[in-house]
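Below: one structure, written as structure tokens.
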Amino acid sequence: MKKIEAIIKPFKLDEVKEALHEMGLQGITVLEAKGFGRQKGHTELYRGAEYVVDFLPKVKIELVVEDNLVERAIEAIQQAARTGRIGDGKIFISTIEDAIRVRTGERGNEAI
């Protein structure tokens with residue numbers, strides 16, 4: 001099993017969710033996040049004062065998938081989240097040792 005974490009632009013969430021749903025993935029976790037990469041934020045003017053907005057709004061999506069679905073899930077996220085402009089986000093993949101469904105005690109792939 002692999003855990004996929006994707007940091008994307010907030011307005012792309014519905015498209016990514018739909019793309020994952022179309023490939024048969026059911027469970028995702030979505031977190032509101034703030035951060036910056038190469039964008040490094042920007043400056044804004046408020047009531048005559050200039051200030052720096054370091055952290056930009058992002059959305060973090062987490063999902064755990066079977067090994068044979070990882071590449072398809074990554075491709076779906078990339079296609080749906082891409083705008084072609086800086087700040088489109090990142091995808092991280094890590095190995096999951098085990099998963100346990102609390103309600104039934106199922107483990108491994110059956111739990112996800």
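In this text the structure is predicted, and so the values were computed from the model without any measurement. Computation of the quantities below employed the complete heavy-atom set of this structure, encompassing side-chain atoms and omitting hydrogens, waters and symmetry-equivalent molecules. Counting begins at 1 with the first residue of the sequence.
By the side-chain contact (heavy atoms from CB on, under 4.5 Å) test, I74 is found to be paired with I4, V70, E71, Q78, I91, I93, residues two or more places apart in sequence or in another chain being considered. Remark: K90 pairs with F92 by the side-chain contact (heavy atoms from CB on, under 4.5 Å) rule, at least two apart or across chains.
Listed for the K58 side chain is a donor-acceptor partner under 3.5 Å among the backbone atoms of G87. Proximity of a side-chain donor or acceptor of R101 to a complementary backbone N or O of E110 within less than 3.5 Å is detected. In this structure, D88 contributes its side chain and T83 its backbone to a donor-acceptor pair below 3.5 Å.
Taking every heavy atom of both residues into account, I77 and A6 meet most closely at CG2-CB, 4.0 Å. When all heavy atoms of P10 and V59 are compared, the closest pair comes out as CA-CG2, 3.5 Å. When all heavy atoms are compared, the tightest approach of D98 to G108 is OD1-N, 3.3 Å. The heavy-atom pair separating M1 from A99 by the smallest distance is CE-N, 3.6 Å.
Counted by atom type alone, S94 and K2 present zero donor-acceptor pairs between their side chains at under 3.5 Å.
In the hydrophobic clustering of this structure, M23 groups with I28; members are Ile, Leu, Val, Met, Phe, Trp, Tyr whose side-chain heavy atoms approach within less than 4.5 Å, directly or through other members.
Looking at D67 and N109, their side chains never come closer than 4.5 Å, going by heavy atoms from C-beta outward.
Here I112 contributes atom CD1 and I96 contributes atom CD1; the two are 9.0 Å apart, rounded to the nearest 0.5 Å. In this structure, K12 NZ and I61 CD1 are separated by 11.5 Å, a value rounded to the nearest 0.5 Å. K17 NZ to I8 CD1: the interatomic distance, rounded to the nearest 0.5 Å, is 11.5 Å. Separation of atoms CD1 (I7) and NZ (K60) is listed at 5.5 Å; rounding is to 0.5 Å. Rounded to the nearest 0.5 Å, atoms CZ (R72) and CD (E66) are 11.0 Å apart.
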